[in-house]
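First comes the structure, then the notes that go with it.
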Amino acid sequence: MILLRKAVYGVIGSPIEHSKSPDIYNYLFEKYSIDAVYIAIELGGHNIQQFLSEYIVPLNIAGLNVTMPLKEIVAKNAKKLDDLSAKLMSVNTLDCTSGTGYTTDGKGLLLSLDYQGINVTGKKVVVMGAGGAARSICYELWQKGAVQVILNRTKEKAVAVGKDLKAVGDSLDNIKLYMGNCDILINCTSMGMEGKDFEDFSFLNILPANAFVYDIVYEPRETRLLEKAKERGLAACNGLDMLICQALYAFKIYTGIMPSKEDRDAISRIL
Ligand code: ATR
């Protein structure tokens with residue numbers, strides 16, 4: 001039997017082979033002289049309970065990041081949840097030493113905006129999507145005092161998320177109604193990934209010239225939404241920076257160290 005002595009951290013999800021997380025965390029472990037290794041583990045929903053109960057201790061796993069499609073099932077199976085992940089039933093960071101689940105997605109997006117000089121307080125923000133990532137982002141936006149509209153293909157989900165956060169919830173089909181006075185547009189749907197995409201981008205033409213478009217998708221690096229936004233001369237950003245920034249918070253949960261903006265810049269250069 002092989003006994004692993006180094007602390008092991010990893011990302012679980014499916015598909016996982018193109019994950020950028022090993023590059024991010026292995027950079028940080030080296031930078032902060034932490035004797036640990038970070039790996040990507042391909043895992044679908046059906047093996048999650050067995051993995052959490054039987055593999056964590058023998059593999060010396062100290063922490064796990066959780067990606068699609070496991071955020072909800074890990075939340076349901078974690079020993080403990082912090083307040084926000086319990087509220088959202090979504091875990092993207094599992095501290096295996098205490099068994100506690102956390103969600104850092106929304107905080108990552110807010111830090112990314114902050115690093116780009118964008119303060120959301122009082123800003124009119126339109127969020128497309130009402131899934132796990134959207135809910136985490138909407139909650140943080142609400143905490144910072146943004147004025148939000150949440151739009152989703154399934155309107156009821158947008159209305160439900162909006163109700164909790166005193167925000168308007170509506171159908172994504174009505175997007176043009178909300179573009180005229182939107183400061184920040186954030187795509188939290190899966191549109192732009194895996195061949196799925198919006199059919200019509202004319203809503204971008206209604207945005208004010210100083211609006212900012214954030215697409216949390218990072219594969220492909222430039223979705224058609226970003227391409228069209230840039231064609232219109234709008235400032236725009238893909239999801240790679242949010243991915244890095246949510247990892248900075250997860251690293252703090254694992255090690256107690258909050259990496260710096262310089263670390264974020266250095267990681268951006270290697271991804
Ligand atoms: P994540 O955890 O990444 O947020 P999710 O919870 O599965 O993933 O959410 C996916 C989001 O993309 C949802 O808002 C979903 O809309 P529905 O609630 O109506 O399913 C949205 N989405 C997925 N496919 C879409 C499509 N073809 N058109 C518009 N929105 C879509």
Side-chain angles (χ1 to χ4, degrees), residues 11-16 18-21 43-45 48 64-76 78 81 84-94 101-110 112 125-141 148-165 167-176 178-179 185-204 213-220 223-225 228 238-243 245-247 250:
V11 57
I12 55 173
S14 181
I16 208 68
H18 298 298
S19 172
K20 303 285 175 213
S21 295
L43 195 69
I48 190 71
L64 287 171
N65 294 101
V66 183
T67 187
M68 278 193 334
L70 302 177
K71 290 181 182 181
E72 189 178 341
I73 194 163
V74 169
K76 285 184 180 151
L81 294 174
L84 184 57
S85 56
K87 190 176 164 61
L88 303 173
M89 270 326 263
S90 178
V91 163
N92 78 339
T93 304
L94 187 64
Y102 301 85
T103 175
T104 68
D105 286 325
K107 281 191 175 60
L109 182 108
L110 269 282
S112 167
V125 183
V126 175
V127 175
M128 296 190 268
R135 292 201 309 276
S136 180
I137 287 167
C138 290
Y139 181 83
E140 299 295 337
L141 287 167
Q148 297 182 70
V149 173
I150 301 158
L151 303 176
N152 197 44
R153 174 177 62 177
T154 312
K155 180 179 168 179
E156 297 71 38
K157 279 164 76 178
V159 172
V161 178
K163 199 171 165 200
D164 272 359
L165 305 177
V168 173
D170 199 351
S171 163
L172 193 54
D173 291 340
N174 291 333
I175 188 166
K176 286 186 175 175
Y178 302 98
M179 293 292 95
L185 175 65
I186 307 175
N187 176 39
C188 301
T189 72
S190 46
M191 302 303 270
M193 285 163 66
E194 299 157 3
K196 285 199 285 188
D197 220 330
F198 300 102
E199 282 168 19
D200 175 17
F201 291 90
S202 57
F203 59 86
L204 289 173
V213 179
Y214 204 124
D215 195 336
I216 73 164
V217 173
Y218 59 89
E219 204 57 65
T223 57
R224 283 182 68 219
L225 177 74
K228 300 274 180 200
N238 69 21
L240 215 47
D241 200 41
M242 171 180 158
L243 178 79
C245 291
Q246 60 80 29

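Order of appearance sets the numbers: ligands from 1, and atoms from 1 within every ligand. Computed from heavy atoms alone, side chains included, the values below leave out hydrogens, waters and symmetry copies.
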[X] (side chain) donor-acceptor with [Y] (main chain) under 3.5 angstrom:
| X | Y | value |
| --- | --- | --- |
| Tyr214 | Met242 | yes |
| Ser85 | Gly101 | yes |
| Asn92 | Thr104 | yes |

- Would you mind checking if Arg135 and Asp164 are paired as a salt bridge, meaning a charged N to carboxylate O distance below 4.0 Å?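 Result for this pair is no, no salt bridge flagged.
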So, applying side-chain contact (heavy atoms from CB on, under 4.5 Å) with Phe198, which one of Lys228, Met128, Arg224 is it?
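Between Phe198 and the candidates, side-chain contact (heavy atoms from CB on, under 4.5 Å) is satisfied uniquely by Met128.
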Report all N/O contacts between ligand 1 and the protein shorter than 3.5 Å as a table of atom names and distances to 0.1 Å; if there are none, say 'none'.
{"residue": "ligand 1", "atom": "4 (O)", "partner": "Gly132", "partner atom": "N", "Å": "3.2"}
{"residue": "ligand 1", "atom": "4 (O)", "partner": "Ala133", "partner atom": "N", "Å": "3.0"}
{"residue": "ligand 1", "atom": "6 (O)", "partner": "Gly132", "partner atom": "N", "Å": "3.1"}
{"residue": "ligand 1", "atom": "12 (O)", "partner": "Ser190", "partner atom": "N", "Å": "3.3"}
{"residue": "ligand 1", "atom": "14 (O)", "partner": "Ala130", "partner atom": "N", "Å": "3.0"}
{"residue": "ligand 1", "atom": "14 (O)", "partner": "Asn152", "partner atom": "OD1", "Å": "2.7"}
{"residue": "ligand 1", "atom": "16 (O)", "partner": "Asn152", "partner atom": "OD1", "Å": "3.3"}
{"residue": "ligand 1", "atom": "18 (O)", "partner": "Asn152", "partner atom": "ND2", "Å": "2.8"}
{"residue": "ligand 1", "atom": "18 (O)", "partner": "Lys157", "partner atom": "NZ", "Å": "2.7"}
{"residue": "ligand 1", "atom": "19 (O)", "partner": "Arg153", "partner atom": "NE", "Å": "3.1"}
{"residue": "ligand 1", "atom": "19 (O)", "partner": "Thr154", "partner atom": "N", "Å": "3.0"}
{"residue": "ligand 1", "atom": "19 (O)", "partner": "Thr154", "partner atom": "OG1", "Å": "2.5"}
{"residue": "ligand 1", "atom": "20 (O)", "partner": "Arg153", "partner atom": "NH2", "Å": "2.8"}
{"residue": "ligand 1", "atom": "24 (N)", "partner": "Lys196", "partner atom": "NZ", "Å": "3.1"}
{"residue": "ligand 1", "atom": "27 (N)", "partner": "Arg153", "partner atom": "NH1", "Å": "3.2"}

Step by step, would you call Val217 with Thr189 a side-chain contact (heavy atoms from CB on, under 4.5 Å)?
-> CA-CA 8 Å; Val217 173; Thr189 72; over 6 Å; no
